[in-house]
Amino acid sequence: MPARRVAAALLVALAVSVVAACSGGGAGDTHDGGGKGGDPVERDRPSTSSTWAGPVLTGSFEAVIPRPSEVRAATGSFVLAGEIAVEVEGGAPAGDAASLLRRRLAESGVESGGTGGGDGYDGSPARPSIVLTAADADRDLGDEGYRLSIRPDGVEVRARGHDGFVWGAQTLAQLLPASRDEIPEGGAPALPAGDVRDVPRYRWRGVMLDVARHFFGVDDIERVAELASAYKLNRLHLHLTDDQGWRLAMTGHPELTEIGSRTEVGGGPGGFLTQDDYRRIVEHARRLGVTVVPEIDMPGHTNAALVSLPHLNCDGRAPEPYTGMAVGFSSLCVDADSTYTFVREVVGELAGLTPGRWIHIGGDESRATAPDGYRRFVARALETVRAAGKVPVGWEEIGTTDLSAGPVVAQHWIDPAPAARAAEGGAELIMSPANRVYLDMKYDASTPGNAWAGLIDTRTAYSWDPDAAVPGVRPSRVLGVEAPLWAELVTTRADIDARLLPRLPAVAEVAWTDQGERRWDDFRTRVAGHAARWVAAGYGYTRDPDIAWPPER
Ligand code: TNX
């Protein structure tokens with residue numbers, strides 16, 4: 001039996017003993033499964049409470065998604081009673097993780113204070129604490145790995161970088177109750193004791209939101225970023241422009257939003273992000289460990305730009321606005337110098353607004369561009385992105401061009417041939433196979449969505465190996481995984497939730513957890529328990545019949 005299974009068995013035993021202790025109702029009942037290590041219940045019993053209902057073990061390491069690399073259970077639990085100190089030690093880059101933890105603790109009804117976020121912890125060593133501390137010597141953790149140690153007398157999160165601390169905090173958050181309603185009056189949540197060491201499989205773990213086909217604003221985008229971060233996804237790719245709309249204000253070309261943002265699929269009002277909106281999203285996501293990757297799709301998928309700026313058309317005449325769902329009919333005029341001036345100005349502005357390393361230039365389905373012109377256009381667009389100090393990303397079609405001029409990332413979605421060519425040409429690959437992770441697809445015939453890439457139930461989204469997604473590509477060329485949500489048929493926040501949950505956590509585990517550590521039968525059991533968290537946090541989800549969900553409340 002692998003160590004993790006033993007740990008799981010121990011935890012189940014522990015949980016049962018805690019529940020028994022709690023329902024026994026006695027103050028001073030042990031909650032540590034009969035182990036040694038002091039009596040944290042006595043120590044933590046709030047003196048003001050007349051009816052101390054005892055600790056409630058609310059989470060288990062088994063339930064954490066994505067499944068951590070290594071878990072070892074220990075004896076006892078850390079009881080979250082009284083005010084918990086959340087402290088950042090020795091200047092570790094953990095302020096955002098500490099704030100996140102305090103936010104989650106508050107949602108669970110736990111008071112917290114502490115250093116590193118300016119909320120006035122007095123430094124008293126007597127209080128039970130969660131300490132975030134640098135693990136610089138532990139090079140194997142990389143920028144995103146973390147260690148977690150939970151003991152009856154304290155919790156420690158160790159990492160080397162900002163994002164590692166955030167992921168450690170997100171694991172802790174999943175051990176907290178889904179909501180304060182889970183804790184009986186006078187009780188307190190308790191975290192199971194144990195050790196976690198956790199490092200991601202892939203560096204790129206993304207979700208894409210199409211805000212062009214239907215517009216979604218700051219709040220909706222930030223909700224997606226929160227969800228991504230909760231499951232340790234570290235990229236939010238925003239598909240900002242398409243035939244149906246241009247969604248980011250450009251100082252140099254106000255027409256793009258004055259005209260090009262006022263349409264969307266089906267004839268709705270459209271909309272756009274101001275540059276301040278965009279900056280806000282980028283900063284909010286950054287604090288959550290998520291890098292925004294903006295996409296300006298070119299030279300095809302450009303009808304909204306062509307409507308707004310007639311000079312981008314070879315004949316100088318603006319086409320009609322487009323609110324349908326077809327693809328492949330528009331193209332920038334790839335032979336005109338003014339097109340490249342436009343690309344330089346737009347990419348330059350976007351690079352200035354974007355602290356992340358990547359700018360996505362699209363490049364997909366340019367069926368209205370002559371192949372020769374397409375190759376020249378892509379070469380110049382990639383060069384423009386590099387000149388702006390960023391690494392270019394493009395859909396797999398860019399693999400039909402010469403990619404040898406510099407670093408580049410290609411995103412596989414439908415055809416392994418250009419994706420493999422891109423990798424041979426030096427590109428790193430993001431795997432977004434449409435028949436696995438296009439989350440705009442229906443789960444089954446009864447749910448709404450697209451269907452051209454097949455039906456994608458949670459099991460299908462979970463059960464594949466990114467290293468094998470494009471035959472013949474060396475695993476070292478596989479940068480990671482991304483799940484796109486195209487929005488032709490996605491019009492509301494509820495639609496976003498239903499498409500992403502539960503499939504996004506499934507994809508997150510594909511991207512984080514080693515292939516040999518993942519099994520559908522096990523994931524399917526674990527994910528059911530997350531529904532209560534989603535609902536408490538205000539997200540809806542699809543009740544995929546393959547998963548034994550708790551009864552609807
Ligand atoms: C293909 S994927 C597209 C998108 C559509 C999507 C709908 C890709 C690079 N292009 O333009 O929105 O299918 O499923």
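Only this structure's heavy atoms are used, side chains among them; waters, hydrogens and symmetry mates stay out. As the structure lists them, so they are numbered: ligands from 1, and atoms in each ligand from 1.
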[atom] [closest protein heavy-atom partner, distance rounded to 0.1 Å]:
atom	result
atom 13 (O) of ligand 1	Trp452 CZ2, 3.3 Å
atom 11 (O) of ligand 1	Arg213 NH2, 2.9 Å
atom 2 (S) of ligand 1	Tyr438 OH, 2.4 Å
atom 3 (C) of ligand 1	Glu365 OE1, 3.4 Å
atom 8 (C) of ligand 1	Asp364 OD2, 3.4 Å
atom 5 (C) of ligand 1	Glu488 OE2, 3.3 Å

Exercise. Would you say Glu397 touches ligand 1, if touching means a heavy atom closer than 4.0 Å?
Worked result: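 Checking ligand 1 against Glu397, which is what was asked, there is no heavy-atom contact under 4.0 Å.
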Exercise. At the 4.0 Å heavy-atom cut-off, does Glu396 count as touching ligand 1?
Worked result: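 Distance cut 4.0 Å: Glu396 fails for ligand 1.
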Problem set entry | Trp534 and its side-chain contact (heavy atoms from CB on, under 4.5 Å) partner, picked from Leu500, Asp497, Leu501 |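 The residue from Leu500, Asp497, Leu501 that satisfies side-chain contact (heavy atoms from CB on, under 4.5 Å) with Trp534 turns out to be Leu501.
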Exercise. Looking at Arg526, Arg518, Arg67, which hits salt bridge (Lys or Arg N to Asp or Glu O under 4.0 Å) with Glu509?
Worked result: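 Of all the options given, the one that passes is Arg526.
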Exercise. How are the rings of Phe377 and Tyr340 set relative to one another: parallel (under 30°), tilted (30 to 60°) or perpendicular (over 60°)?
Worked result: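 Plane angle between 30° and 60°, so tilted.
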Exercise. Are any of the side-chain heavy atoms of Val211 and Leu240 separated by less than 4.5 Å?
Worked result: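 A side-chain contact under 4.5 Å exists here.
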Problem set entry | side-chain hydrogen bond (donor to acceptor under 3.5 Å, both in side chains) assessment of Asp198 paired with Trp512 | CA-CA 9 Å; Asp198 202 9; Trp512 180 282; 2.8 Å; yes
Problem set entry | Other residues, nucleotides, ligands: >12 heavy atoms within 6.0 Å of Asp143 CG |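 Check fails, neighbour count at 12 or below.
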